[in-house]
Asker: 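Pasting a structure below so you can have a look.
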Amino acid sequence: MELEKAYNPTEAESTHYKKWEANGCFAPEINENREAEAFSIVIPPPNVTGSLHMGHALQHTLMDVLTRWKRMQGYRTLFLVGVDHAGISTQLMVTRQLKKEEHKTPQDIGREAFTEKVWAWKKQYGDTITKQIRREGLSVDWSRERFTMDESLSIAVRNVFVTLYEEGWIYRGNRIINWCPKDKTVLSDLEVKEETKKDGKLYYLQYPVKDTAETSASASVPRRITVATTRPETMLGDTAVAVNPDDERYADLIGKTIELPLTNREIKIIADDYVESDFGTGAVKITPAHDPNDYEIGLRHDLEQINIMNNDATMNENAGAEFEGLDRFVAREKVIEKFEELGLLEKIDDYEVVLPHCERCKTVVEPLLSDQWFVNMSEMRDLALGLMKKDGVPHFSPQVPHEKVYTTWLENLKDWTISRQLWWGHQIPAWYDEVGNVFVAKTEKEAIAKAGTKNLTQDPDVLDTWFSSALWSFSTLGWNGDVTETEDLKTFHPTSVLVTGRDIIFLWVSRMVMTSLKFVGEKPFDDVIIHGTVLDKNGQRMSKTKNNGVDPLDVFDKFGVDATRITLAGSSTGADFAWRDEKVESFRNFANKIWNATRFCLMNSEGAKVDFASLNNTENLSIADKWIISRFNKTATALNKALETYQFHEAVQLLYHFFWDDFCDWYIELVKDEMTAEESSPKRDETRSRIVTILEQSLRLLHPFMPFLTEELWHKLPATSNALHHSAYKNADATIMLADFPKGDASMFDEKAEAEMQAVIYLITKVRNIRAEMSIKPSDKPAIHIAASGHLQRVFRENEAQILKLARATDLLVGEKLDVPKASAKAVLTGGAELAIPLEGLIDFDKEIERLENQISKLGVEGERLEKQLSNQNFVERAPVEKVQDLKDRMTEIETQSAALKQSLDALK
RNA sequence: GCCGACUUAGCUCAGUGGUAGAGCAUCCGCUUCACACGCGGGAGGUCACAAGUUCAAAUCUUGUAGUCGGUACCA
């Protein structure tokens, strides 16, 4: 069998996934071991409206690497997939479509027809994400796919709502909330993003104070009090002006009345500690219906709350006939004009102002007074904090800074605004009778029973999308409040690890912890991996507005899914990183390297089979064999350790260097002659079996990262079958994804073989170095002279054939001493050995002198540093003994080597 | 304002109380019978700056500067 010259991912990516899925490899039921320990991950459900971006690809890769790795280790593995209904986003998209196609608004067609349209839309476009997830190769169990608006998940939402209401944690209240005038809904604090506006203004408005004419300079003009504001239009809703009680400037005005300009109202001057005398004018206009602080002051002083805006941020009738119907920003201009006309505009200062924006549509959010549903989080918050304090759960990776950020946020947690003025989502299970009494119940029927009347209207609002996501870890496993025990819950909850971005630690992670503790009575997961953000190549955040996003699908097409996956995993240290196509390109090359190494093995595979016994037959093993077996087991051990601690970058480095450097650059080259021998022989078969076996084991290590390539190649290796599966999958159809993941066997570590091989590698490298520096043509084959101790002599002789081949030499002469002509290039090796290459007629003496001087000077620099350190009494006395001994040994080696090089140099001069 | 992270080779990034690492780029040489998506050999860094702790600091502490986050807020 001969492979194509280069790996083309297309075919592998289009065939294996279907087969894995059809064979049920992704479902936990594939595991035949009833006692198997469970490993479970729930996907952070992507928005049903969305398509994948690079952040998803990263996150999904990490989850799949862990899942495939654990599955191969024999765990009963569940990677649960699903999507989120994403209330606002989805409603906006369908609204836009409706407008474009039918020139209608949701109100035109009504709630029922509109939500039907959203469902239809969801059915049509909702599988964009799932197709992409298949493309990524994720080993998710499609039979357990969930949607946040599935029947059972919706029942869970209603049960949780009712319970929290009945226990008094959920309440309906009239509060200052964040209002998005474009989306026309309330937003929670977490959905509001602050943005600094550099060119903002601070307006100073003068309010005339009644009955103060006698204290003014002019007998007929009343005194004025100046207030500063960034939102002058809200003065139309002012119901007081506040000053600090200790502010002498205003002491005599407290209790006086202001004739509020542009309105017919009179408002009081009040005293409140909240006002800071040093800031602005020391007098603050109070608008209780449009500012959270003013609202609080209003409550303290029993002030009237005047709402002056409609839900689209135009002014309403309370703003007065002149302003009614004007947009808030137009009204602002007009208020300023009027004040100017009245001579009451003192000044306008430039002012850097921080404005809250709607996270989704970027509209400036308006704080206003509104009736909404809230959750008081204090009980659940304490449960979550207790879990962290007691068990350190969830364990964040990296722990710094996320654990602290999470804890601090919980400690300062405020009530959660959960109602949304939307139609797409879970409608709030609350009904009102004709006089406004509220009945919260799981179903309308129960509400009717409670109310004693059928004449009820359900609250039109829906719940925040994150309310249902908060239940995701257990609602997806069957918990819905009516049903509280299922096999899946018992087996897979708590889940093992959650992988997500830091932007939703508060929105999602913390809330899952809280609801899980409250409703299931246990943590939702042990560990939380917070991955970094994928930035563009200039280190900027990718965004639609900047149009600097990189589409994973394009990268898949260009470089293959496996190359993309291993690039992402290899970049993942928890820190943000800039995307570079060149990185994927180098891993595409890595994929091709794996392909070609396999190709070469298959070209010489007659008589070979994957057979673990070939690695255990120590009698027939060469130094190189022992070396690669040792290297493999160390790599496997370190790889498992890296994955246990979620060190994905480390894991990829280990694989890359083991496979490319150790296996391809050295092992294949070292055994090439034996492998490609023309005569078939038991020895050749053994060599071939050995290398194919190591290759097969390596493919297993690579599989979690590069599933398609490894599956493709694995099936081509001789004698691969389900006999290589982990025992938990012994009856399943043969696939590498169920093969036993190599643990790494410490008894196969061979320090002696590694040291010996290292000496050989060093020798070959030195000869190559001399060849390159002395410009020896590849076709010229010199002899290699070596002086070495008895043990090293034996090692070099044992590897004579390989040394001659890889160093391109004719003879290897090993002895106690060097006996070579003056016209030789020399170098020192480890263990006091020396190397010489006679170059009669080829040597350039000046070049060789330069070479030797260069080496001597390098050793000299190191020697000086060691000398200095070893002559430091403090060091010798206080440093660990082994450390001191190491340095002494190294010093001796340097002295020996320097002496040898100097001798060679003298001989040339 | 408060909290935090980062600053290492031209670029993107690892790393660690004890002789500075990778990939890419760069330089030199190779159609060596798996691979030019390759092979071989080089060059390149006072690990942001300053002080401190230590036998030893790029690594720990503090401060400074720059970059980027999170979060709060004074009208």
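Quick note on labels: first sequence line is chain A, next is B, and so on, each numbered from 1.
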Asker: Under a 3.5 Å limit for both distances, which nucleotide forms a Watson-Crick or G-U wobble pair with B/C60, could you say?
Answerer: B/G52
Asker: Choosing from B/G41, B/A14, B/C35, which nucleotide comes nearest the side chain of A/A575?
Answerer: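 Minimum distance to the A/A575 side chain belongs to B/A14.
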Asker: What's the closest nucleotide to the side chain of A/R768 if the choices are B/A14, B/G41, B/G70?
Answerer: B/G41
Asker: Given the P atoms of B/G44 and B/G21, what is the spacing between them in whole Å?
Answerer: 14 Å
Asker: Considering all heavy atoms of both residues, which atom of A/K201 and which atom of A/I348 are nearest to each other, and what is their separation?
Answerer: CD-CG2, 3.7 Å
Asker: Which of the following nucleotides, B/G4, B/U71, B/A75, is nearest to the side chain of A/K193?
Answerer: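 Nearest to the side chain of A/K193 among the choices is B/U71.
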Asker: Can you find an N or O donor on one side and an acceptor on the other, under 3.5 Å apart, linking the side chain of A/K593 with the base of B/C35?
Answerer: yes
Asker: Just compare B/C30, B/G18, B/A43 and give me whichever is closest to any side-chain atom of A/P778.
Answerer: B/C30
Asker: Hey, which sits more toward the 5' end of RNA chain B by its nearest nucleotide, A/L202 or A/E650?
Answerer: A/E650
Asker: Report the nucleotide, chosen from B/C73, B/G42, B/G18, that has the shortest atom-to-atom distance to any side-chain atom of A/Q869.
Answerer: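 Closest nucleotide to the A/Q869 side chain: B/G18.
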Asker: Using purine N1 to pyrimidine N3 plus N6-O4 or O6-N4 for Watson-Crick, or N1-O2 and O6-N3 for G-U wobble, both under 3.5 Å, which nucleotide pairs with B/C35?
Answerer: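 Base-paired to nothing in any strand shown.
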Asker: Taking only the P atom of each, what is the distance from B/U54 to B/G42 in whole angstrom?
Answerer: 42 Å
Asker: Side-chain donor or acceptor of A/R588 under 3.5 Å from a matching atom on the base of B/C37?
Answerer: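 By the distance-only test, yes, there is a pair.
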Asker: Given B/C37, is OP1 or OP2 found less than 4.0 Å from the side-chain N or O atoms of A/N596?
Answerer: no
Asker: Distance to the ring centre below 6.0 angstrom and angle to the axis at most 45 degrees; does that hold for A/K672 and A/F600?
Answerer: yes
Asker: Quote, to the nearest angstrom, the C1' distance that separates B/G45 from B/G10.
Answerer: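 Result for the C1' pair: 11 Å, nearest Å.
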Asker: Counting only Watson-Crick or G-U wobble pairs whose two distances fall under 3.5 Å, which nucleotide matches B/U12?
Answerer: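 By the stated definition (distances under 3.5 Å), B/A22 pairs with B/U12.
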Asker: So, the side chain of A/D291 versus the backbone of A/D294: is there a donor-acceptor pair under 3.5 Å, distance only?
Answerer: yes
Asker: Distance check, C1' atoms only: B/U32 and B/G40, in whole angstrom units.
Answerer: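 Pairwise C1' distance, B/U32 against B/G40, rounds to 10 Å.
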Asker: I'd like the C1' distance from B/G4 over to B/A56, given in whole Å.
Answerer: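 The same atom, C1', in both gives a distance of 30 Å.
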Asker: What's the closest nucleotide to the side chain of A/D665 if the choices are B/G40, B/C3, B/U12?
Answerer: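 Minimum distance to the A/D665 side chain belongs to B/G40.
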Asker: For the residue pair A/D272 / A/N244, report whether a side-chain donor-acceptor contact shorter than 3.5 Å exists.
Answerer: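 No.
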Asker: Which listed nucleotide (B/C73, B/A34, B/G4) is nearest to the side chain of A/I668?
Answerer: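 The nucleotide sitting nearest to the side chain is B/A34.
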Asker: Partner lookup for B/G1, please. Criteria are Watson-Crick or G-U wobble with both distances under 3.5 angstrom; report none if nothing qualifies.
Answerer: B/U71
Asker: For atom CD of A/E4, decide whether the heavy atoms of other residues, nucleotides or ligands shown that lie under 6.0 angstrom number more than 12.
Answerer: no
Asker: Given the C1' atoms of B/C30 and B/A48, what is the spacing between them in whole Å?
Answerer: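 Roughly 42 Å separates the two C1' atoms.
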Asker: Give me the distance, rounded to whole Å, that separates B/C24 from B/A14 when you measure between the C1' atoms they each carry.
Answerer: 14 Å
Asker: Whole-Å distance between B/C33 C1' and A/R808 CZ?
Answerer: 12 Å
Asker: Please report the distance separating the P of B/G17 from the corresponding atom of B/A36, rounded so that it comes out in whole Å.
Answerer: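 Pairwise P distance, B/G17 against B/A36, rounds to 42 Å.
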Asker: Establish, with yes or no, whether the OP1 or OP2 oxygen of B/U32 is under 4.0 angstrom from a side-chain nitrogen or oxygen of A/K805.
Answerer: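 False: A/K805 side-chain N/O out of range (4.0 Å or more) of B/U32 OP1/OP2.
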Asker: Considering only side-chain heavy atoms of A/K5, which listed nucleotide, B/A14, B/C35, B/G18, is closest?
Answerer: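 Of all the options, the side chain of A/K5 is nearest to B/C35.
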Asker: The side chain of A/E669 lies closest to which of these nucleotides: B/A34, B/U19, B/G70?
Answerer: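 Closest nucleotide to the A/E669 side chain: B/A34.
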Asker: B/A14 phosphate, OP1 or OP2: any side-chain N/O from A/T573 under 4.0 angstrom?
Answerer: yes
Asker: Quick one about A/S775 and A/K847 (side-chain donor to acceptor, distance below 3.5 Å, no hydrogens or angles considered), yes or no?
Answerer: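 Per modelled atom types, A/K847 and A/S775 side chains form a pair under 3.5 Å.
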Asker: Between A/N874 and B/A56, is there a side-chain N or O to OP1/OP2 distance below 4.0 Å?
Answerer: no
Asker: Does B/A75 have its OP1 or OP2 closer than 4.0 Å to a side-chain nitrogen or oxygen of A/Y351?
Answerer: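 Yes, A/Y351 has a side-chain N/O under 4.0 Å of OP1/OP2 on B/A75.
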Asker: Just name whichever nucleotide pairs with B/G66, Watson-Crick or G-U, keeping both distances under 3.5 Å, else none.
Answerer: B/C6
Asker: Given B/G40, B/G38, B/C35, which nucleotide is nearest the side-chain atoms of A/W660?
Answerer: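 It is B/G38.
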Asker: Quick one: on RNA chain B, does A/D278 or A/R865 contact a more 5' nucleotide (nearest heavy atom)?
Answerer: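 It is A/R865, whose closest nucleotide lies nearer the 5' terminus.
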Asker: With a 3.5 Å distance limit and no angle check, can you tell me whether A/D562 reaches the backbone of A/F708 through a side-chain donor-acceptor pair?
Answerer: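 Side chain of A/D562 to backbone of A/F708: a pair is present.
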